[in-house]
Amino acid sequence: MEVSAILFYIFAVMAVVSALGMVLNVRNTVAASLSLVVTMIALAAIYVLLEAYLIAVIQIMVYAGAIVVLFLFVIMLLNLREDDFAPGRQWLVKFGAGLLGVFVLIQLLKLVGPGLPEVPVVPEGYGGYRQLGILLYTDYVLLVEMASLLLLSAIVGALILAKRNID
Amino acid sequence: MVPIEHVIGLSSILFVIGMIGAATRRNLIVVLMSIELMLNAVNLAFIGFNRLWPGTAEAPALDGQIFVLMVITVAAAEVAVGLGIIISMIRNRDSVNLEEVSLLRW
């Protein structure tokens, strides 16, 4: 087995274990968000193995560097604790969600049966900033403009939601 | 490199973990983090399939990676608005328990 395949399986196990750690951790929200960081970093490593270099860098900068820090900031700002959650009729919800999860997983895996072609050799410069940037500012320039509008409206919406008195 | 089926399998597993987390957890912050996990799983599928059809050196086919950039943008916007909702919910109810938000429930 070649090195990249071994690395892929290592990072895959890391991503799944830390994702489970995030979902199953009912004690500590800070630890859950740190597990999410581990998942993001493992996914960034897998992106590098898939030769999507720019996306890997952006994944680390935006997800691990910005989004999870925002989560941590809110958790610590609000001093959240979860031990006062009353145990309700949770087993039914958990059982149903588990059943649904297994069903969806089987259906998703059925979609990707055998018949995909072999992984080809990538052309020169694939996944680098140059070709991605050329595409972004020629064919997809409208998408960039729409993304800027979306971010602007998200900023305004977050401000209005979090502001104490709107006057 | 491993066959892309394994990449898509990892993506499916992460998606289902996120789905179960979003369905069962009652802490609003963990639900938001589970949604982030689902978006990441979709990104991984996009990158895997893009690696399978990378185009040529003259005309690279990087559409999957452009999609991933847009998904990351949407995720950032969603987190900003979601955390604003969490802050205003803490102000009004002093809790992040999802079961206390029942105004729209019959």
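Since the structure is predicted, the reported quantities are computational estimates derived from the model, not experimental observations.
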Would you mind telling me which of [options] has the largest number of heavy-atom pairs within less than 4.5 Å of chain A?
{"options": "B/Gly21, B/Pro54, B/Ser11", "result": "B/Pro54"}
{"options": "B/Leu37, B/Leu44, B/Ile4", "result": "B/Leu44"}
{"options": "B/Ile47, B/Val31, B/Leu69", "result": "B/Ile47"}
{"options": "B/Met19, B/Arg91, B/Met70", "result": "B/Arg91"}
{"options": "B/Gly84, B/Gly18, B/Pro3", "result": "B/Gly84"}
{"options": "B/Val16, B/Leu62, B/Thr24", "result": "B/Leu62"}

Toward chain B, the part of [X] with a non-hydrogen atom under 4.5 Å:
{"X": "A/Gln131", "value": "both"}
{"X": "A/Leu20", "value": "both"}
{"X": "A/Leu43", "value": "side chain"}
{"X": "A/Leu100", "value": "both"}
{"X": "A/Ile46", "value": "side chain"}
{"X": "A/Leu136", "value": "both"}
{"X": "A/Tyr9", "value": "side chain"}
{"X": "A/Ser33", "value": "both"}
{"X": "A/Phe8", "value": "side chain"}
{"X": "A/Val62", "value": "side chain"}
{"X": "A/Met40", "value": "side chain"}

Measure across [X] and [Y] and return the closest heavy-atom pair with its distance rounded to 0.1 Å.
{"X": "B/Ala23", "Y": "A/Val93", "value": "O-CG1, 3.8 Å"}
{"X": "B/Gly55", "Y": "A/Pro123", "value": "O-CG, 3.7 Å"}
{"X": "A/Val23", "Y": "B/Ser34", "value": "CG2-OG, 4.3 Å"}
{"X": "A/Leu109", "Y": "B/Gly9", "value": "CD2-CA, 3.8 Å"}
{"X": "A/Leu135", "Y": "B/Pro60", "value": "CD1-O, 4.4 Å"}
{"X": "B/Leu52", "Y": "A/Pro117", "value": "CD1-O, 3.6 Å"}

Measure the spacing between [atom1] of [X] and [atom2] of [Y] and express it to the nearest 0.5 Å.
{"X": "A/Leu105", "Y": "B/Ser12", "atom1": "CG", "atom2": "OG", "result": "6.0 Å"}
{"X": "A/Leu78", "Y": "B/Ile87", "atom1": "CG", "atom2": "CD1", "result": "5.5 Å"}
{"X": "B/Leu32", "Y": "A/Phe71", "atom1": "CG", "atom2": "CZ", "result": "4.5 Å"}
{"X": "A/Leu50", "Y": "B/Phe46", "atom1": "CG", "atom2": "CZ", "result": "14.5 Å"}
{"X": "A/Asp139", "Y": "B/Ile66", "atom1": "CG", "atom2": "CD1", "result": "8.0 Å"}

Output the option from [options] having the highest count of non-hydrogen pairs under 4.5 Å with chain B.
{"options": "A/Leu7, A/Leu150, A/Val68, A/Leu24", "value": "A/Leu150"}
{"options": "A/Gly127, A/Ser153, A/Pro120, A/Ala66", "value": "A/Pro120"}
{"options": "A/Leu132, A/Leu54, A/Val121, A/Leu77", "value": "A/Leu132"}
{"options": "A/Ala15, A/Gly98, A/Gly101, A/Ser4", "value": "A/Gly101"}

Over 12 non-hydrogen atoms of neighbours within 6.0 angstrom of CD in A/Glu2: yes
Around atom CZ of A/Phe95, are there more than 12 heavy atoms of other residues, nucleotides or ligands at under 6.0 Å?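 Atom CZ in A/Phe95 is not packed in, count stays at 12 or less.
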Compare all side-chain heavy atoms of [X] with those of [Y] and state whether any distance is below 4.5 angstrom.
{"X": "B/Asn50", "Y": "A/Tyr126", "result": "yes"}
{"X": "A/Thr39", "Y": "B/Asn40", "result": "no"}
{"X": "B/Ile8", "Y": "A/Leu111", "result": "no"}
{"X": "B/Glu36", "Y": "A/Tyr63", "result": "yes"}
{"X": "A/Phe73", "Y": "B/Leu83", "result": "no"}

I would like to know whether A/Leu161 and B/Val81 meet side chain to side chain contact (heavy atoms under 4.5 Å, CB included); could you show each step before the answer? CA-CA 8 Å; A/Leu161 278 171; B/Val81 175; 3.8 Å; yes
So, does B/Arg51 use its side chain to make a donor-acceptor pair with the main chain of A/Ala52 at under 3.5 Å?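 No.
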Path from [X] to [Y] over hydrophobic side-chain contacts below 4.5 Å:
{"X": "A/Val3", "Y": "A/Tyr47", "value": "yes"}
{"X": "B/Leu14", "Y": "A/Val48", "value": "no"}
{"X": "A/Ile160", "Y": "A/Leu152", "value": "no"}
{"X": "A/Leu72", "Y": "A/Val37", "value": "yes"}
{"X": "A/Ile60", "Y": "B/Val68", "value": "no"}

Against chain A, label B/Thr56 side chain, backbone, both or neither, depending on which of its atoms sit under 4.5 Å from a heavy atom there. backbone
Which atoms of B/Ala75 are under 4.5 Å from chain A, going by heavy atoms: the side chain, the backbone, both sets, or neither? both
